[in-house]
**Q** 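Questions regarding the structure given below will be posed in turn.
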2 protein chains.
Amino acid sequence: MDARTLCLGALQFGDVSGYEIKKLYEEGDFSHFYETSFGSIYPALNRLVEDGLAVCTEQAQDKRPDKKVYSITAKGRQVFAEALQAAPTPDRFRSDFCFTMVFAHLLPVTRLAQLLDQQAGWYGENIRRMESGACAALHDASPAQRFIHGLGLAAYRAAADYLIQNKDALLEDAAAEHGGAHRAA
Amino acid sequence: MDARTLCLGALQFGDVSGYEIKKLYEEGDFSHFYETSFGSIYPALNRLVEDGLAVCTEQAQDKRPDKKVYSITAKGRQVFAEALQAAPTPDRFRSDFCFTMVFAHLLPVTRLAQLLDQQAGWYGENIRRMESGACAALHDASPAQRFIHGLGLAAYRAAADYLIQNKDALLEDAAAEHGGAHRAA
DNA sequence: GGTTGCATGTAAATGGTTACATGATTGT
DNA sequence: ACAATCATGTAACCATTTACATGCAACC
C-alpha cells in the first residue's frame, strides 16, 4: 500500500488534514498495521489533488497556521475501490526482538531480562490501547472493523500470555548456562 | 536491522553463501520476522569483507557457477555482539489484509469471503511450516530459539482460531447488508 | 520444451525516513 | 523556561526492491 492509497483510506471517513492523517497512522487504529510520516503524506495529498482524486479547502484559523482540509472526490472513491480489489500483499512482520532472541546466548542475562520485560510492556500497552475507549473500533465501527479489532487483540493477547508464562523458565535456563554450567552443554 | 547485520546473523551458524542466506530469510526460520533480497545481500557481503568482518572462500564447482562461501571473523563477531546490545526498534506489522478489512463494505461479499479464506490459508501454512520437521527450532535449537518459536506459533494460532471462529458471522452480516437491507443502516 | 533450482551480480527506479525550517499557543 | 501540540512543507539521504544479465542441469 503506497502513501496515496493510505491517504485515500483516511479520507473515506470524512474530510481530514494531513496532520490528522498522520495521527491516525501514528496513534489511531491504523497504527497497528500501517505507518506513515509527514514526508510521505504531504506529497501524496498534493498528488491526489493534482490527479483529481481529492480536493483541498483551506481553512483560515486564527492563532494557528491555515489548515488544509482534504475531501475525496467521486473519482477518488472509484480509484480507492479499485485498489481494494487488488490482491493484498502478504502480511509482513518485522521484529528486532525476535532476531535478537535467536542470539540470546550472546547477551548478558540481565540484558535478556530487560528485553523480555520491554516486550511484555509493549504488548500490554497495545492491548490497553485497543481495549480503551480511545479505540474507534469500540463504538462507531462496522462489523468488519470490530472483526479485525478482535483479531489483533487475540494475537496480542496470545503473544503477551505466552511471554509472561514462559519468560521465567527461559531466564533460569540462561542463568544456569552463564553460571558456570558450561560443561553440561 | 540493516542487511549487514542480517548477514552477520546468518554467518553465526557457520559458513554460508549469499544464496543460502537468501533461503534462510525467504523460507527458513528467519522469514517470519525478517526478509531480504539478493540485491541487498550481495552488496552487504562485499562490504562485510571490505570491512574485515567476514572472509570469502571461492569454491569451484563443476557444472555450477563458483560458490562464494563466507565466514565470520573475530572482528565480525564483536561487531555483531555490539549490534545486539543496541535497543531493538519496536516490532512492525504491515497488513494489506487488515487495511482492506476496514473498508470491507466497499467489497462484494464473494470477494470478502475469498479474502478471509486466503488469510486463513496463509496462517495455516505458516503454522504447518513451524510445526514441520523442516523447522530448525524443533531439533538443534537453544532454549531462546524454542521460546520465540513458541511465541510465533501462539500468535499465529490465536489469529487463525479467531478468524475461523468469526468469519462466518461476519460474512452473514455482510450478506444481509448487501442483500437489500440497506434501510436498516 | 518449459520451468525450477542452483549461483552471482549490477543498475535503475522507487519510495520512504529523517532532518530541517517556521511559528504561535498552551501547559508544566 | 521548556516541552508539547497544532500545522505545513521541502530536500537530502538512505536503502531496498525490481528488473536485467548469464548459464547449466534436472525434472516434468
Side-chain angles (χ1 to χ4, degrees), chain A residues 1-8 10-11 15-28 30-31 33-51 54-70 83 89-90 92-94 96 99 134, chain B residues 1-8 10 15-28 30-31 33-51 54 56-70 83 89-90 92-94 96 99 134:
Chain A
M1 291 284 169
D2 53 24
R4 270 172 43 252
T5 309
L6 259 25
C7 287
L8 284 178
L11 290 173
D15 302 352
V16 277
S17 65
Y19 192 83
E20 286 161 344
I21 292 176
K22 171 84 186 307
K23 278 208 302 188
L24 180 66
Y25 284 100
E26 197 182 65
E27 309 156 22
F30 282 56
S31 65
F33 48 82
Y34 263 107
E35 263 175 74
T36 24
S37 55
F38 286 134
S40 62
I41 291 170
Y42 286 125
L45 285 170
N46 287 331
R47 267 205 60 190
L48 249 29
V49 172
E50 266 177 51
D51 297 347
V55 288
C56 174
T57 317
E58 226 148 325
Q59 286 180 357
Q61 301 184 115
D62 58 60
K63 316 199 170 175
R64 291 231 174 280
D66 286 4
K67 200 177 188 174
K68 287 190 173 182
V69 176
Y70 294 85
T89 60
R92 274 208 317 263
F93 178 65
R94 295 294 161 90
D96 277 13
F99 182 83
Chain B
M1 293 284 169
D2 53 25
R4 270 170 45 250
T5 310
L6 259 26
C7 287
L8 284 178
D15 301 352
V16 277
S17 65
Y19 192 83
E20 286 162 343
I21 292 175
K22 170 83 186 305
K23 277 208 302 187
L24 180 66
Y25 285 101
E26 197 181 64
E27 308 155 23
F30 281 57
S31 65
F33 48 81
Y34 263 107
E35 263 175 75
T36 24
S37 55
F38 286 134
S40 61
I41 292 170
Y42 286 125
L45 286 171
N46 287 331
R47 267 205 59 190
L48 248 29
V49 173
E50 267 176 51
D51 297 347
C56 174
T57 318
E58 225 148 324
Q59 285 180 355
Q61 301 184 115
D62 59 60
K63 314 200 169 170
R64 291 231 173 281
D66 286 4
K67 201 179 187 173
K68 288 189 173 181
V69 176
Y70 295 85
T89 60
R92 280 209 313 267
F93 178 64
R94 295 294 161 91
D96 277 13
F99 182 83

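Naming convention: chains lettered A, B, ... in sequence-line order (proteins, then strands); numbering from 1 in each chain. Because only heavy atoms are used, hydrogens play no part in the values below, and waters and symmetry mates are left out as well, while side chains stay in.
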**Q** Would you say A/Y19 places a side-chain N or O within less than 4.0 Å of OP1 or OP2 belonging to D/dT8?
**A** no
**Q** Side-chain N or O of A/S17 versus OP1/OP2 of D/dT8: is the shortest distance under 4.0 Å?
**A** yes
**Q** Measure from the side chain of A/K67, starting at C-beta and using heavy atoms only, and say which of D/dT8, C/dC6, D/dC6 lies closest.
**A** D/dT8
**Q** Would B/F30 and B/Y25 count as a close aromatic pair, with their ring centres under 6.0 Å?
**A** yes
**Q** What is the distance, to the nearest angstrom, from the CG atom on A/N46 to the P atom on C/dG16?
**A** 14 Å
**Q** Could you work out how much the helix from C/dG1-D/dC28 to C/dT28-D/dA1 bends, comparing the axis of its first five pairs with that of its last five, to 10°?
**A** 50°
**Q** Just the rounded figure in Å: distance from P of D/dT17 to CG of B/D2.
**A** 13 Å
**Q** Can you tell me how far P of D/dT10 sits from CZ of A/R47, to the nearest Å?
**A** 15 Å
**Q** For D/dT16 and B/S37 - does any side-chain N or O of the residue sit under 4.0 Å from the phosphate oxygens OP1/OP2?
**A** no
**Q** Are any side-chain N or O atoms of A/D15 and backbone N or O atoms of A/V69, one a donor and one an acceptor, separated by less than 3.5 Å?
**A** no
**Q** Could you tell me the separation between the CD atom of A/E20 and the P atom of D/dT8, rounded to a whole number of Å?
**A** 8 Å
**Q** Using 4.0 Å as the upper bound for N to carboxylate O, is an ion pair formed by B/K23 and B/E27?
**A** no
**Q** Could you check if a side-chain atom of A/K68 sits within less than 4.5 angstrom of a side-chain atom of A/C56, using non-hydrogen atoms only?
**A** yes
**Q** Could you say whether B/R94 or B/Y42 is positioned toward the 5' end of DNA chain C, judged by the nucleotide with the nearest heavy atom to each?
**A** B/Y42
**Q** Rounding to a whole Å, what distance do you find between A/R92:CZ and C/dG15:C1'?
**A** 12 Å
**Q** Taking the inter-plane angle between the rings of B/F99 and A/Y34 on a 0 to 90° scale, is it parallel (under 30°), tilted (30 to 60°) or perpendicular (over 60°)?
**A** perpendicular
**Q** Can you check whether B/K22 reaches B/F38 side chain to side chain, under 4.5 Å on heavy atoms?
**A** yes
**Q** Between atom CD in A/E58 and atom P in D/dT8, what is the gap in whole Å?
**A** 9 Å
**Q** Nearest to the side chain of B/P43, which nucleotide is it out of C/dT10, C/dT8, D/dG9?
**A** C/dT10
**Q** Just how far, in rounded Å, is C1' of D/dA7 from CG of A/L45?
**A** 13 Å
**Q** Could you check if a side-chain atom of B/E58 sits within less than 4.5 angstrom of a side-chain atom of B/K67, using non-hydrogen atoms only?
**A** no
**Q** C/dC6 C1' sits how many Å from B/E26 CD, rounded?
**A** 13 Å
